[in-house]
Amino acid sequence: LDSGGTWSAMDMGSEARDPHEHHVPDDTVSISTFYFVGIPYIVLFIVYANVLSYYENSIKGVASGRESGFDGWYILGYILYASIESFGSLAVASFWSYTNSTLSLGDAERYYGPIIALAQLGAIGGATTVASSSLSPMALLILACLMIILLLVLMNSYERKFPPTSYLAVQSSYRHRNRIETWQDDDVTLTQPFWSGILLILRHRYVMLILGVSCLYEVSLTCLDYQMKLLGWNRFENIAAPIDSGMSFSQFMGHYGQVVNFTSLLVSSMLFPWFLKRYGLCITLRLFPTLLVVATAVAYLAIPGNLAVLFVSLSLLKAMTYSLHDPAKELLYLPTSNAIKFRSKFWIDVVGARLSKALGSALNTYAGSVDRSVQVGSWPSLLTAVALLWVSYAVGREFDGLLEKGEIVGLDANVDDERDTYLSVADSD
């Protein structure tokens, strides 16, 4: 995608070199990744469902006076929350690693917006199912297992029916299945298999910038989210200062989720493809950081401690994160090797993002109240928001430069030395 907003496709030519000749073959990103992630969590959630059946029986026994109850059930809540969060992180990272490794730039332009839109429909459906209270917690976990099985079936069918369209891909037969290979820089992933993702991040400035784009905003969002929830709890649930608003805190958060999901659905299905086609990735990538800087300045400096301002700001920010910023940053991985898309992306999305959230949570814990949160979290939130804007500008410029030069980050040599690897294609392509 050049600065004028025109997509360019990578053409690797018909004379692909042997990946085993003078080069280390790149990581294989295959459908087996989903099995490695999905199957252990299916087993884990089935175990949790069985344990929850004992919890439900215990609750009934306490209510009837037959049992005294077990005070340690809250531990299961922590474990279950951590498991669900880890599955969400690993499953999403695996999906985008596979997608970025198999789709071409043109296909990414066409389908990333609709993919996010369908994901929002899934989020709306999941939230509605839980809010309806029609299923018990045990039944919800069983339903989650069935959905994971459906995911594995769908991805297996997709791989069999649709061949990769990425111009980096070299098709080879591997146990009667398609395998994706490119070339990577030296033997970093062979000599340092576990830490190779971190080494690749530190080695390439472009990947360091992707790290910043993927993680910096979590600090501001975590601090703002904490403020909104504290204010909402004090307004709707605080017994010491009750306010007859006709709404509970859970209902307030339910409305917040509805606004976020429906706004995200609108942006991902309509605005993101339009912005991408009209202005290009470089400009599209700066929209969310700009809004984050403005919203953070308003929430902390102009109108601090205002629930309505936080509700509107966070609704827009969360929606823009899911529907615009996330798919835009995924496009940044396209001109990178599969080792970066798979190994470095794991450290960025799973470890880096969680550490950023942990930093925001540490600020919230240290603050402890809304007033203190404004004092403690204002400057870290503003600084990280401004840093995100700068990083988004820098990585967008580097993305355009990679397209112009025909370079792939993480490859030890150009795949096609005799031809331009990026050829302009029509906007309608």
**OP:** Supply the atom-to-atom distance Lys329 NZ to Thr284 OG1, rounded to the nearest 0.5 angstrom.
**Re:** 15.0 Å
Original post:
Going by atom types only, do Ser220 and Thr384 share a side-chain donor-acceptor pair under 3.5 Å?
Top reply: yes
Original post:
Going by atom types alone, do Ser83 and Tyr48 pair a side-chain donor with an acceptor below 3.5 Å?
Top reply: yes
**OP:** Describe, in one word, how the ring planes of Phe311 and Phe252 are oriented to each other, choosing from parallel (under 30°), tilted (30 to 60°) and perpendicular (over 60°).
**Re:** tilted
Subject >> Backbone N/O of Val293 and side chain of Thr296: donor-acceptor pair under 3.5 Å >> reply: no
Subject >> Donor-acceptor pair, side chain of His325 and main chain of Val213, under 3.5 angstrom >> reply: yes
Subject >> Rounded distance [0.5 Å steps], CD1 in Ile210 versus NZ in Lys341 >> reply: 10.0 Å
Original post:
Does Arg397 CZ have over 12 foreign heavy atoms under 6.0 Å away?
Top reply: no
**OP:** State whether a side-chain donor-acceptor pair under 3.5 Å links Ser344 with Tyr333.
**Re:** no
Original post:
What orientation do Tyr158 and Tyr98 show, parallel under 30°, tilted 30 to 60°, or perpendicular over 60°?
Top reply: perpendicular
Subject >> Contact check, side chains of Phe272 and Ser323, non-hydrogen atoms, under 4.5 Å >> reply: no
Original post:
Would you say Val259 and Thr263 make side-chain contact, with heavy atoms under 4.5 Å?
Top reply: yes
Original post:
Do Leu80 and Val51 have side-chain heavy atoms sitting under 4.5 Å apart?
Top reply: no
Original post:
Of all heavy-atom pairs between Ser268 and Ala117, which one has the smallest distance, and what is that distance?
Top reply: OG-CA, 3.2 Å
Original post:
Would you say the side-chain atoms of Ser356 pair up with the backbone N or O of Cys215, donor to acceptor, closer than 3.5 Å?
Top reply: yes
**OP:** Answer yes or no: is there a side-chain heavy-atom contact under 4.5 Å between Val391 and Met208?
**Re:** no
Subject >> Audit row: Asp225, Tyr256, side-chain contact (heavy atoms from CB on, under 4.5 Å) steps and yes/no >> reply: CA-CA 11 Å; Asp225 184 72; Tyr256 167 70; 4.2 Å; yes
Original post:
Quick one: CG on Leu388 to OG on Ser214, what's the gap to the nearest 0.5 Å?
Top reply: 9.5 Å
Original post:
Under a 4.5 Å cut-off applied to non-hydrogen side-chain atoms, are Trp96 and Asp349 in contact?
Top reply: no
Original post:
Do you know which two heavy atoms are closest between Ile142 and Ala49, and how far apart they sit?
Top reply: CD1-CB, 3.9 Å
Original post:
Quick one: do the Asp326 and Tyr112 side chains pair a donor with an acceptor below 3.5 Å?
Top reply: no
Original post:
Would Phe275 and Ile283 count as a side-chain contact (heavy atoms from CB on, under 4.5 Å) if you check the C-alpha gap in whole Å, the side-chain angles of each, and the deciding distance to 0.1 Å?
Top reply: CA-CA 8 Å; Phe275 266 108; Ile283 300 298; 5.9 Å; no
**OP:** Could you tell me which non-hydrogen atom of Ala299 sits nearest to which non-hydrogen atom of Leu224, and how far apart they are?
**Re:** CB-CD2, 3.7 Å
Original post:
So, does Asn234 use its side chain to make a donor-acceptor pair with the main chain of Leu230 at under 3.5 Å?
Top reply: yes
Original post:
To the nearest 0.5 Å, how far apart are CD1 in Ile31 and OG1 in Thr33?
Top reply: 8.0 Å
**OP:** Could you tell me whether a side-chain N or O of Arg286 sits under 3.5 Å from a main-chain N or O of Cys282, the two making a donor and an acceptor?
**Re:** yes
Original post:
Do you know which two heavy atoms are closest between Ser94 and Phe34, and how far apart they sit?
Top reply: O-CZ, 4.0 Å
Subject >> Tyr41 to Ser86 - nearest heavy-atom pair and separation >> reply: OH-OG, 2.7 Å
**OP:** Any chance you could measure Leu332, atom CG, to Leu209, atom CG, to the nearest 0.5 Å?
**Re:** 9.0 Å
Original post:
Heavy atoms, side chains only, cut-off 4.5 Å: are Leu221 and Leu314 in contact?
Top reply: yes
**OP:** State the NE2-OG distance between His204 and Ser337, to the nearest 0.5 angstrom.
**Re:** 6.5 Å
Subject >> Pairing of Asp107 and Arg110 as salt bridge, 4.0 angstrom limit >> reply: yes
Subject >> Donor-acceptor under 3.5 Å (Lys345 side chain, Ser97 main chain) >> reply: no
Original post:
So Tyr393 and Leu285, side-chain contact (heavy atoms from CB on, under 4.5 Å) or not? Walk me through it.
Top reply: CA-CA 8 Å; Tyr393 174 82; Leu285 200 60; over 6 Å; no
**OP:** Taking all heavy atoms of Leu135 and all of Leu143, pick out the closest pair and write down the distance.
**Re:** CD1-CD2, 4.0 Å
Original post:
Heavy-atom distance under 4.5 Å between the side chains of Leu402 and Tyr206, does that happen here?
Top reply: yes
Original post:
Going by heavy atoms in the side chains, are Leu287 and Tyr279 under 4.5 Å from each other?
Top reply: no
**OP:** Please test Leu307 against Arg235 for side-chain contact (heavy atoms from CB on, under 4.5 Å), starting from the C-alpha separation and ending with a verdict.
**Re:** CA-CA 9 Å; Leu307 182 59; Arg235 178 167 181 175; 3.8 Å; yes
